[in-house]
Amino acid sequence: MSNQGALSDSSAERITRVEELAYELTIAEVMTKNPVTLTINMSMRDALDLIGKYKISGAPVAKDGKLIGILSTEDLIRSLRDGRIDRKVTEYMTHKVITVREHDQVVEALKMFAKTKVGRLPVVDENNKLIGILTKGDISNGVLTALQRDLEAEELIRYRASHLFEDIVSDRTSLILRYTIKKDDFLHGGAASNRIKKALLRLGASNQTARKCGIAVYEAEMNLIIHTNNGGFLRVEVEEGKIIMEAYDDGPGIPDINKAMTPGWSTATSEVRNKGFGAGMGLVNINNCVDEMIIKSSTESGTNLFMIMYLDKHPNGNEHGSKNHH
Amino acid sequence: MNIGEIAVLVQGKILTDGINKNLEVVGAFAGDLMSDVLATIKPEAVLITGLNNPQVIRTALIADVRMVIIARGKQPSIEMVELANSEGMPMISSPLGLFELSARLAENDIVSFEQEFDLSKYD
């Protein structure tokens, strides 16, 4: 597949996440705290020394901790040009300072940078006390740190989930997911199957295994919605080496399972077909996706459908397992 | 082709927010019955369908579809658009029908992402 010049799924996700972070992160979280600050009795020469020492391109000026101005490299150049390097910083600083508040979202600072073209924004509290300084570089660093944190958290969740069966020792450890499926609930049709697919991915299943199991339970879920008297249940049991999916209901039962297993054969009404179902591929799809499929059905007690998927190390060493229906 | 180019090619209206128009797609599949889709669609396909309900999105998610094109100008419900947005499934609506959509994509080197269904097992 040609992916040249294109963003991958994951990097596209990251971009959206960056936009989100601009709204989630506060300025206090990304700003530089305790910035290099000039005081009112300093000369432009003092400022030049400090700015040179810390390799910065400007600094806020404070009096008793409160912000009263900001001095930039341009101001220093002006004083040098004028030959007045020994004058006070208060003479050359900008008095009217554009500031941001510590509790504001990062997006507010981004808007301010775009609007004003300033290089740095002093951060103040409600009493105009200087508490930090913010540059575009601070925002980039803050966002990158937050992205890294996200990534680590997701990896940790995935790691923990996929090691469930190694970390918890018992004679037989399994995780059971249960879903109640309502008759005729087309609006939510497939929602349980999508949750199951996501859970399997999180538990460390390969994309292919999760997709195959997803298709099988999706068809089973739609069968419960379309064909039962009273809906039914989906039950997925995940244990080391295999996934057992089960769909059961209390009727009306499948009178002829062989017919139901014929591609294209369906008892669905035209109303159901208009909704995009009743292709007569449900059980066929399930059978093609899972390693083992067992149907037990009677007109008295309803239908039990077992679908088993063996994971990598399958005891029979047979990739596809045996397919049978009773 | 990428999603943005396909949207232009099919005179489509993008219905979901924040989609990555640069995402490349290679193959497509067309169908109206969701079990037919699940039976033979390959992963990462464009799904072209005349069906217009939330099951399209759920089927697309199960089948690892890259984007959904709703044919014949149908307007999905708010619930369907919300589902597509929350699951990050790009969705566009095109005034064209299934055949015209498929033909236009094929002319632009989008290949079939349909697996041949193996009927031999059912003789």
Side-chain angles (χ1 to χ4, degrees), chain A residues 1-9 11-13 15-16 19-20 186-194 196-198 207-208 210-219 221-223 225 258 261-266 268 273-289 323, chain B residues 1-5 17-27 31-44 49-67 77 79-80 83 85-90 109 111 113 115 117-123:
Chain A
M1 175 171 11
S2 132
N3 254 334
Q4 279 184 325
L7 286 163
S8 67
D9 276 352
S11 58
E13 216 167 78
I15 285 177
T16 327
E19 286 167 5
E20 272 176 27
F186 284 95
L187 186 63
H188 298 105
S193 308
N194 270 298
I196 291 167
K197 185 185 174 190
K198 280 184 191 164
N207 288 340
Q208 200 198 13
R211 183 175 191 259
K212 283 180 163 182
C213 290
I215 292 174
V217 287
Y218 182 93
E219 294 290 4
E221 182 180 357
M222 294 318 302
N223 280 348
I225 291 173
N258 278 327
M261 287 298 303
T262 309
W265 191 87
S266 173
R273 283 174 190 255
N274 287 343
K275 292 189 166 88
F277 299 98
M281 296 299 289
L283 292 177
V284 178
N285 280 347
I286 294 172
N287 196 38
N288 282 340
C289 283
K323 290 191 180 179
Chain B
M1 290 194 99
N2 64 37
I3 287 182
E5 289 162 346
D17 303 325
I19 71 166
N20 171 16
K21 290 185 181 175
N22 297 319
L23 194 64
E24 284 286 326
V25 288
V26 175
D32 284 349
L33 292 178
M34 293 299 107
S35 288
D36 283 342
V37 173
L38 291 175
T40 49
I41 194 171
K42 293 181 186 172
E44 301 181 348
T49 184
L51 190 67
N52 178 26
N53 66 32
Q55 271 73 40
V56 172
I57 304 304
R58 298 221 173 86
T59 306
L61 291 166
I62 290 283
D64 298 323
V65 161
R66 281 248 151 137
M67 83 182 286
S77 63
E79 289 82 9
M80 185 172 168
L83 180 64
N85 271 331
S86 69
E87 297 289 347
M89 177 61 65
D109 302 324
V111 301
F113 264 22
Q115 281 159 349
F117 189 75
D118 183 8
L119 269 173
S120 63
K121 287 184 281 192
Y122 300 92
D123 285 345

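Sequence lines set the chain letters: A, B, ... in the order given, protein chains first and strands last, and positions in each chain run from 1.
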Quiz item: Relative to chain B, which of A:C213, A:G214, A:A210 shows the most heavy atom pairs under 4.5 Å?
Solution: A:G214
Self-check item: Top contributor to chain A interface from B:P43, B:G31, B:G27, B:G88 [non-hydrogen pairs under 4.5 Å]
Solution: B:P43
Quiz item: In Å and rounded to the nearest 0.5 Å, what is the CG to CG distance from B:L61 to A:N194?
Solution: 4.5 Å
Between side-chain atoms of residues 273-282 of chain A and protein atoms elsewhere (two or more places apart, or another chain), which donor-acceptor pairs fall under 3.5 Å?
| residue | atom | partner | partner atom | Å |
| --- | --- | --- | --- | --- |
| A:R273 | NH1 | A:G278 | O | 3.4 |
| A:N274 | ND2 | A:S270 | O | 3.4 |

Quiz prompt | Pairwise distance CG(B:N53) to CZ(A:F186) - rounded to 0.5 angstrom | solution = 9.0 Å
Quiz item: Checking heavy atoms, do the side chain of B:T49, its backbone, both or neither come under 4.5 Å from chain A?
Solution: neither
Quiz item: Got more than 12 heavy atoms from elsewhere within 6.0 Å of NZ, B:K42?
Solution: yes
Self-check item: Spatial distance of atom CG (B:L38) from atom CE (A:M222) [nearest 0.5 Å]
Solution: 10.5 Å
Exercise. Check for a donor-acceptor pair, side chain of A:N288 on one end and backbone N or O of B:A39 on the other, with a separation under 3.5 Å.
Key: no
Quiz item: With only heavy atoms counted, which part of A:L187 is less than 4.5 Å from chain B, the side chain, the backbone, both or neither?
Solution: both
Self-check item: Sequence neighbours excluded - salt bridge (Lys or Arg N to Asp or Glu O under 4.0 Å) pairs with any residue from residues 54-65 of chain B
Solution: A:K197-B:D64, A:R211-B:D64
Self-check item: Residue, of B:M34, B:E79, B:E87, B:Q55, that accumulates the most heavy atom pairs under 4.5 Å with chain A
Solution: B:Q55
Quiz prompt | B:L51 portion near chain A, given a 4.5 angstrom heavy-atom threshold | solution = side chain
Quiz item: Checking B:I3 against chain A: side chain, backbone, both or neither under 4.5 Å from a heavy atom?
Solution: neither
